[in-house]
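Naming: A, B, ... by sequence-line order, numbering from 1 per chain.
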Amino acid sequence: MARQIGDVILDLRNISLSFGGVKALTDISFDVREHEIRAIIGPNGAGKSSMLNVINGVYHPQQGEIIFQGAHRKDMNTHEAAAAGFARTFQNIALFKGMSVLDNLMTGRNLKMRCNFLQHALWWGAAKREELAHRRKVEEVIDFLEIEHIRKTPVGRLPYGLQKRVELGRALAAEPSMLLLDEPMAGMNVEEKQDMCRFILDVNDQFGTTIVLIEHDMGVVMDISDRVVVLDYGKKIGDGVPDEVKNNPEVIAAYLGTQH
Amino acid sequence: MIKQFKQLAIASSVAAACLGAAIPAAQAAEEQFFMLPSYRVGPYGANGQSFYGGFIDYLSYVNQKGGIDGVQITWEECETEYNNAKGVECYERMKSKAQKAPGPIHTMSTGISYALVDKAAADKLPLAMMGYGLTSAVDGSVFPWAFPLVTTYQMQASAIIKFLKDKNAGSLAGKKIVYLYHDSAYGKEPILALEAESRLNKFDLVQIPVAHPGNEQGAQWQRIRQEKPDYVIMWGWGVMNMTAIKTAQKMGFPRDRMIGSWWAGSEEDTVPAGDAAKGYMSATWNVAGKDVPLIADIEKTVYGAGKGNLKDTSKLGTILYNRGVSAAVLSVEAIRAAQAKHGKGKAMNGEQVRWGLENLNITEARLKQIGATGLLPDVKTSCDNHEGSGKVKLQQWDGAKWVVLTDWIEGNKQLIHPLFQADAAKFAKEKGITPRNCAAEAKK
Amino acid sequence: MQFFFEVLIGGLLSGVMYSLVALGFVLIFKASGVFNFAQGAMVYFAALSVVGCMEKGAPLWLALILAFGIMTLLGIATEKFVLRKMVNQPPIALFMATIGLSFFIDGFAPLLWGNEVRPLDIGLVDEPIPWILDSYNIVVSKFDLVAAGLALALVALLALFFQYTRVGRALRAVADDHQAALSIGIPLQHIWALVWAVAGFVALVAGMLWGSRNGVQFALTFTALKALPVLILGGFTSVPGAIVGGLIIGASEKLAEIYIPPVLAGWFGGNFGGIEGWFPYVMALLFLLVRPEGLFGEKHIDRV
Amino acid sequence: MIYRETGQFKTSYAADQQIFPIRQDRVGIGILLAVAFLVVPAVAGNYWFNAILIPFLIFSLAALGLNILTGYAGQLSLGSAAFMAVGAYAAYNFQVRVEGMPVLLSFVLAGLTAAGVGILFGLPSLRIKGFYLAVATLAAQFFIVWCLTKFPYLSNNSSSGVISVPGVEILGFKFDTPASRYLLVLSIVVALALLAKNMVRSSTGRAWMAVRDMDVAAEVIGIRLMRTKLLAFAVSSFYCGVAGALYAFCYLGSVEPDGFSLDLSFKILFMIIVGGVGSIMGSFLGAAFILLLPIFLDISLPALAGLLGLPFDGATVSHIQLMVFGALIMFFLIVEPHGLARLWQIGKEKLRLWPFPH
Amino acid sequence: MSAYLSVNNIEVIYDHVILVLKGVSLEVPQGKIVALLGANGAGKTTTLKAISNLLRAERGEVTKGDIQFRDARIDQLTPNDLVKGGVIQVMEGRHCFAHLTIEENLLTGAYTRAISRAELKRSLDKVYEFFPRLKQRRASQAGYTSGGEQQMCAIGRALMAGPEMILLDEPSMGLAPQIVEEIFEIVRDLNQREKVSFLLAEQNTMVALRYADFGYILENGRVVMEGDAADLRNNEDVKEFYLGLSSQGRKSFREVKHYRRRKRWLA
């Protein structure tokens, strides 16, 4: 395997988050190493999505600290997170429904574009060159995800599975250093899950992208992740390599059940 | 886009075809065409119904009596909804038809007449604004094509002050008058005049604006209650009038110390207010009632022949109906005047009608002749006085009808007319217009 | 100080009149998620129908019943020809449709009844209550008090209806999720027709009071503009919010109209009256910045 | 004309990113422009210029402005007329108060002034959404009109508050005929429409649409919500402002604050709804429809009534007109909520597949 | 086996242009659980919505074929009539009324039934018996409950209508494995104790085939395979493409190849 798991690049310590008195996360510590695939699992409402939202600054925890790029901070903000190379997908697909696949992917490049709206309005020189350069990058992603045929289709018209793929594409278009995936396989059949796994593994492999993912399909989680953290009711009940977690009695009781 | 354009083209050609169908083919006989950018719907629709009803009835009446020395009158209405842009569209649509032999254009809207002042001048079509509109057009040297006939807001305000002065033994010194106005061009026009009058007559003037549409005046009347004025002069329109009367009642302000402008003194304002309106006064430049011979004759002749314009004939003889008749009388008289100079029995072109409007001389005798004695004041216009009269009467609502209180009262011309001239001069400067020399023209 | 109270009381009472119109908005918004701009036109139509029936010889009580019948028909027709065909469309489209509806009513009502300005006498005189005037020198109108009483009764009734009845619950369900409501067999048609009829009833009460105060005329449609800031302040979905919002808006706009223009005139010179046209809106706007869902509005529940 | 794109392959991304990638469209738009610039001035009469074409173009521009804000950036506004008013009064003041100010420059400055005011009133959009925002924009509508009424300075101390604008003159050429004014307006509108099209197909436009479709996701991607929304308000108000200036200078000639009423704002909103929310072309189609429909009804209804022998008087016709107008708005929303532009697109798609459906 | 619910060769078009179902036929026998399987966009949801008549609200229409329930055509009914007739759909993504409490959600479910207060109470208790969790959360606003609870609420709400047949769309979507099992257990329970028939659309083939009696596989708007659940489970293609199994047992997701064997049913 080409990739080499590196040092801890993101470290969340003693994070607590609540909404109007309702605790979503309680005193959670969690780290992510460079190039690894880190899974978060847990029952519904355990606070998994909240965790991702804390990581990329959508939510601001009341307590705890985040150590990122050597700096200790109270919270992230979305723009900094994006600028630092965090990209993400959402549980209930958050694509821009009125736009084409291509445009959705192009928004992923937004941060890397330099021209201002006046240059855009004139569509002259730099603006046009920039647009074309980024289009080329986006076409690479389109190629990679095999969605050439739907390039110009408005995403609202696409079936769910493809939308998920496009959302991944939008995140990839940003050439992220860290990819946060919120239930990327939800609502997919095995065939589609296999495809999605392949994409995730390839991204991780080829670009060395660090991946944090939330997933319910234990097969997937156990097969592709390097380390797994288990949440339940906003608390961490397990953390470790897949096999460790799988056999953790607390995890079995709270989440996995006896069927598996 | 081509396809869309084609549809548009089809739609417009259909519209054009309909337009063609709507105009009866020009007849050989001499005709004078009146364009009526009128309004019968929207917030002031009720007022428009009466006014244009009267206006059109008089035109029918003239036609039945053989036209203007044989020249038949034709007309076409176009709904403006009291909206400036629609008014302009109506004007543009009917303009070509009016080009040959236009009647004076009445919009009954200050806003629309403002928008038409320049256009009408460019198209050589005379614009009549009877008691509204661009009041500085009294100065005909800058506005040759616009005629704020009979009276203006400013002259009217001045006349009301004169009336109050007479009522108070010739002096208003130390009195307090509240000016309650619709916060628009219409309500703002008289302010300069009132301020001048307050300086001259040493009364306190308190100005209280009411936001459009004026259906809520609690705060304003509370303020009035606190100010304890001797009189309230009100420049309202539409729902504002009735609300003012009712709110005055609610605040316990006596209605017989409220005086409205002529747009605030019609049955449409008082009848719905019920008992609250009893004692309320207003200015008017035409009287109500069917006892004016002309109105009675219209009822007999036009409605007798089933050609009346009003659906609701109970409006016959109301203030606004009679005002419509009065406006039509003046328009027809202007054409008569023009014919007298340029050829009897011929349709008059725009320039000629304009001349007629500028050289009106409707004396008491002439009014008697057409059966309009007392309906409206005598009017004599000239190049430097497009107003021609400046007289109003005061009337009072007795709970069922308007009772005329006074004879014609003329405002303080020496005080007011210079205001128009100053304004017109400023307008001329902004627009780069060289004023006509009225004195020189008068000599010719 | 006594003047301040007079303005305050006057403001509160006229606020109740705004609430009455706002209530109609809230009903329809709550039940169908439709922001019904035509509520003002409905107030006009209702009042005109009452007057129209009375002109045809009906006594007041009969005219009211007939007018209610007409408003119900209007509600059913609106549902049948417009709303039913627009299930699942974005709220903005429905909102636009109601603007279209208001145009339609603006034309239809006078076509049916004529557009003259007419009085509506419901036997209530808008005069100061003598003993209050005598003992405190404060003007409080009999009419306003009755109106306030009616509005409060209406609100209480509606609040109970929404919270505790089967249909009330269904109405709220429909507001939350059209499709889900449809899927469990709630007949959107009936619900909507019903809620429009109820809104028509509220419009009738508002039209009766406003009409008797200002005359029955086209300008009644403008009452909608007075109700909008009330809605923002109170929250689109709250029946009590409509009342509280109305009281706050009424009082503050009257106080502002009295006390702010002199201050402005002091700064800039000139006459700054007439601020009550925009003051409620600006106030509502500032309020929203602090509390985006209004006083009593439901928080938008959403998960990322 | 057969509408097929078969055989038209794009060999570069540049070719693929043209405004009109399909040849027939390019030809079509070329013909349309040629007709608008060359044929129309030769054949249209004054009525067409003054009452239809000029207002059509001006309203298209205003609708375009609103469409940028509402259609692309998803911020519903009911205050477009107020921004037009700002533009009209600003242009007037620059003209009257600054000696020798070129008219075109004063239009641009008017747009910029409106943009500034737009940003101010756009600030609440950072916290408020949807209908709440729409009602909040009403605050702008009423407040701005009130200001214009209340500060006599803004109307150059006109006693009535009405302003009457000077004639338009550019480089010594007087635009005093309807046809010349039409061409002036047309040029400005076409240029601004092109700029708008470029903006919406570039990353500026994508940022707007992203914010419209899903603001949280947009933020996570790194789009700054505040900057994006305010830019939309600014650009939109700029367009409305220029439209307002043209409205005063090239259409009505004199305007009063009350003319820029809520009704006008609604009218512009109708235009984009009927035309198509989020479509540049839709703004034009919508403006044409909303403007022409009442005129068409006005002309055809009495004729129709006459034909059928119905005893319609003026008021009846006007009432029916209002009803038809309202009914048609509803009809449109029911039949095609995405507006004329979408109908056009569906038409194209069907043509493309013709004669084989599906 | 008499057809209880039968869908006969229906074609569905959205927006007048997009053809989604190209002749789908299926049957649900009384008292059985039938699974409708297939990839995303295959047309499962559309099929369910065609049956429940929710299609029209989304600008879709059945242009060919017909749908029968107890030997009567139901494709022209309103959803209201259909619910009264005993067929109800639980939509994908739960669609609980977010601002209503759980209990209010359930009560709205009984909207179509003209029943006494006592009977209503009994129905409610029965639902709480199946879903004890809902009883705990009865007073919470549905919008604030977890995905599993919302799914239970949605099914419970449908139960309140007293249905004979429930069309269940993606009950497992986005739920933790444990909750998925719990929900399917309840489905089986309902089927056995209350004799409710189910037509369920499901991505999670593994679970679905374990609980269903019969299955249909949809691809691209057509039924490509049908059979007893047990048979399907043993079909090679189903194993490979829907269950992720090969002859050697479960394949690791890490080892997935970039190309695959051709499906046999795609001739």
Show the numbers, then the answer: is there a side-chain contact (heavy atoms from CB on, under 4.5 Å) between A:Lys97 and D:Arg212? CA-CA 9 Å; A:Lys97 292 244 161 43; D:Arg212 169 194 71 189; over 6 Å; no

Where does A:Leu52 contact chain D at under 4.5 Å (heavy atoms): side chain, backbone, both or neither? neither

Give, as side chain, backbone, both or neither, the part of D:Ala196 having an atom under 4.5 angstrom from any heavy atom of chain A. neither

Of all heavy-atom pairs linking D:Ser203 and A:His120, the shortest is OG-CE1, 3.0 Å

Chain A heavy atoms under 4.5 Å from D:Val200: which part of the residue, side chain, backbone, both or neither? neither

Where does A:Leu95 contact chain D at under 4.5 Å (heavy atoms): side chain, backbone, both or neither? backbone

For atom CZ of A:Arg73, decide whether the heavy atoms of other residues, nucleotides or ligands shown that lie under 6.0 angstrom number more than 12. yes

Just so I understand: if I count every heavy-atom pair under 4.5 Å between each of A:Gly156, A:Ala121, A:Ala174 and chain D, which residue has the most? A:Ala121

Top contributor to chain D contacts, counting heavy-atom pairs under 4.5 Å, from A:Leu132, A:Thr89, A:Leu118, A:Leu180: A:Leu132

Of the non-hydrogen atoms in A:Ala82 and D:Gly222, which two are nearest, and what is the gap between them? CB-CA, 3.5 Å

So which part of D:Leu231 gets closer than 4.5 Å to some heavy atom of chain A, the side chain, the backbone, both or neither? side chain

Inter-chain contacts: residues 135-142 of chain A against chain D, heavy atoms under 4.5 Å: A:Arg135, A:Arg136, A:Glu139

Under a 4.5 Å cut-off applied to non-hydrogen side-chain atoms, are A:Arg170 and D:Ile221 in contact? yes

At a 4.5 Å cut-off on heavy atoms, which part of D:Arg201 comes close to chain A: side chain, backbone, both, or neither? both

If you define the side chain from C-beta out and look only at heavy atoms, does anything of A:His79 sit under 4.5 Å from D:Arg224? yes

Which heavy atom of A:Trp123 sits nearest to which heavy atom of D:Ser202, and what is that distance? CZ3-CB, 3.8 Å

If contact means a heavy atom pair closer than 4.5 Å, which residues of residues 103-112 of chain A contact chain D? A:Asp103, A:Met106, A:Thr107, A:Gly108, A:Asn110, A:Leu111

Would you mind reporting whether A:Met113 and D:Arg206 have side-chain heavy atoms less than 4.5 Å apart? yes

What closest approach, in Å, do D:Ala217 and A:Phe96 show between heavy atoms, and which atom pair accounts for it? CB-CE2, 3.9 Å

Rounded to the nearest 0.5 Å, how far does CH2 of D:Trp208 lie from CE of A:Met99? 12.5 Å

Report yes if some heavy atom in the side chain of D:Asn198 is under 4.5 Å from a heavy atom in the side chain of A:Leu122; otherwise report no. no

